[in-house]
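Beneath this line is the structure, given in structure tokens, with notes to follow.
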Amino acid sequence: MSEHKDRVVLAYSGGLDTSVAIGWIGEATGREVITVAVDVGQGGEDLEVIRRRALDCGAVEAYVADAREEFAAEYCMPALKANALYEGVYPLVSALSRPLIAKHLVRAAREFGASTVAHGCTGKGNDQVRFEVAITSMAPDMDCISPVRDLALTRDVAIDYAEKHHLPIETTKHNPFSIDQNVWGRAVETGFLEDLWNAPTKDVYVYTDDPTYPPLPDEVIITFAKGIPVAIDGRDVTPLEAVQELNRRAGAQGVGRIDMVEDRLVGIKSREIYEAPGAVTLIEAHRALEAVTLERLQRRYKRQMEQAWSDLVYEAQWYSPLKRSMDAFIEDTQKYVSGDIRMVLHGGRATVDGRRTGTGLYDFNLATYETGDTFDQSSSRGFIEIYGMQSKLAAARDVREGNGVGF
């Protein structure tokens, strides 16, 4: 299909803006539009319904991909191994899905002979950067456009256009929030949430129930193999199944609600509401198992790298050389992260209360204070002398120079 150089591949959600963008791009650029819809576990309409709508709205081709297993295994699991939380809080819900969607956009563009890729992001958010940097990282020859940002497709214009052209899309329903969701979590912003003093109302949340009046505590045992969940309560699961089950069970207990003001890549602060019950539960469990299985200095250094890894992914560097190097280190740390973690899910919290592993560094006989203790306490005196030697010498110098602490 190399003869088609006047085509644009559009990331398509099935909603108003991207439906209108099909015709809007055609009129503004004179190019045919091919839509790409990627299922990353966001729920909602069936992919076939979305595909048919794209064609009805004027797309010359409509590509759909069920990428739920791929997303869970190849994007969420690396984030779990990295205990990835942007600014120590946000589990990178949207940031993880963008490079996967971009990969499918590039694949479709190659298949259908397109040299331009379009997305529905505004000029104020992080996602425009994530899409375009990911696309050009894989296909440096491709151009990227945004109908909203580059072609003046505002929401009121989109509604007028849809009504004028009788497009098969709902135009009257008004959702006060901007929402992005996938199997790893859900992100909500805008509307009355932009006033930082306003508390989220109940209708903001979908993945989680109100933790104020929770059901009875739910005990769960998560089995890991080399950093990846492979069973829940003794039943084998895929990465996707693990996230889905914990979304359900932890969500019922109100686990994973996050209300934060974060620093966006484009230089503004933004109030975001997230709910990620499965992600938060798995990261808590994974951290607990690493505490038992990682060597002290290795674990200390990994914690530093986790923040850097999270920053990279948030800031659109999924396909960067530095992240690839970090991935190699993180993967090496997971060699012995295998075993069982028992947790209690209740009242908005996922609390670890049991650990069991055959590859850990915890030695009961060294740790115990009871009879049978094998730790040689007589060694500690000499250790303290050596360990504190520099501090002792520095303190003596302070006294000689008249800079003692004054005791």
Side-chain angles (χ1 to χ4, degrees), residues 40-41 70-103 126-127 129-130 133-134 137 180-187 207 222 224 226-229 239-240 242-244 246-247 250 255-260 262-265 270 272-291 293-294 298-334 337 341 350 352:
V40 286
E70 180 185 12
F71 178 56
E74 298 180 23
Y75 294 79
C76 300
M77 292 302 102
L80 175 60
K81 291 176 181 179
N83 298 319
L85 296 169
Y86 179 64
E87 296 183 338
V89 181
Y90 166 47
L92 300 172
V93 171
S94 299
L96 289 173
S97 71
R98 296 335 189 202
L100 170 60
I101 295 170
K103 184 170 81 170
N126 298 311
D127 285 339
V129 188
R130 293 168 182 155
V133 170
S137 295
D180 180 61
Q181 61 192 44
N182 56 53
V183 73
W184 198 238
R186 186 168 176 271
Y207 283 14
I222 305 171
F224 289 87
K226 296 184 177 180
I228 292 176
L240 176 62
V243 180
Q244 288 173 328
L246 290 170
N247 273 342
V255 173
R257 290 188 173 188
I258 300 163
D259 182 343
M260 69 181 291
E262 70 187 42
D263 288 298
R264 281 187 176 177
L265 177 56
S270 175
E272 307 283 342
I273 304 297
Y274 298 111
E275 45 181 351
V280 167
T281 300
L282 282 168
I283 290 172
E284 192 70 22
H286 182 259
R287 279 174 163 172
L289 188 56
E290 284 191 331
T293 55
L294 295 192
Q298 182 188 42
R299 183 179 175 219
R300 180 188 298 171
Y301 189 78
K302 181 174 182 288
R303 285 200 296 271
Q304 299 174 32
M305 187 172 285
E306 287 169 358
Q307 189 57 63
W309 193 97
S310 301
D311 290 345
L312 278 180
V313 174
Y314 184 89
E315 295 170 358
Q317 297 298 318
W318 180 271
Y319 295 112
S320 69
L322 177 56
K323 180 184 162 294
R324 284 199 302 270
S325 298
M326 287 185 172
D327 285 341
F329 169 83
I330 291 171
E331 188 61 35
D332 184 69
T333 66
Q334 302 301 291
V337 185
I341 294 294
V352 174

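Keep in mind that this is a model prediction, so the values were computed, not measured.
Summarising the geometry of Val352 relative to Ala285, their closest heavy-atom pair is CG2-CA, 4.4 Å, with the distance given to 0.1 Å. Nearest heavy-atom pair across Pro229 and Ile222 is CB-CG2, 4.1 Å.
In summary, of the residues considered (Arg98, Arg186, Arg130), a salt bridge (Lys or Arg N to Asp or Glu O under 4.0 Å) with Asp180 occurs for Arg98 alone.
The shortest side-chain heavy-atom distance between Val93 and Glu272 does not fall under the 4.5 Å cut-off. Two residues are said to be in side-chain contact when any heavy atoms from C-beta on lie closer than 4.5 Å; His286 and Leu289 fail this criterion. Residues Leu80 and Ile228 fail the side-chain proximity criterion, which asks for heavy atoms closer than 4.5 Å. The shortest distance between side-chain heavy atoms of Arg300 and Arg303 falls below 4.5 Å. In this structure, the side chains of Tyr75 and Ser97 stay at 4.5 Å or more apart for every pair of heavy atoms. For the pair Tyr314 and Tyr90, the minimum side-chain heavy-atom distance is below 4.5 Å. In this structure, Gln317 and Lys323 have side chains that are not in contact, with every pair of non-hydrogen atoms separated by 4.5 Å or more.
Formation of a donor-acceptor pair under 3.5 Å by the Tyr319 side chain with backbone atoms of Pro99 is found in this model. Between the Glu275 side chain and the Tyr207 main chain, a donor and an acceptor come within less than 3.5 Å of each other.
Residues passing the side-chain contact (heavy atoms from CB on, under 4.5 Å) test with Pro78, sequence neighbours excluded: Trp309, Trp318. By the side-chain hydrogen bond (donor to acceptor under 3.5 Å, both in side chains) test, Glu290 pairs with Asn83, Lys302, Gln334, sequence neighbours left out.
A 6.0 Å sphere centred on OH of Tyr301 holds no more than 12 heavy atoms belonging to other residues, nucleotides or ligands.
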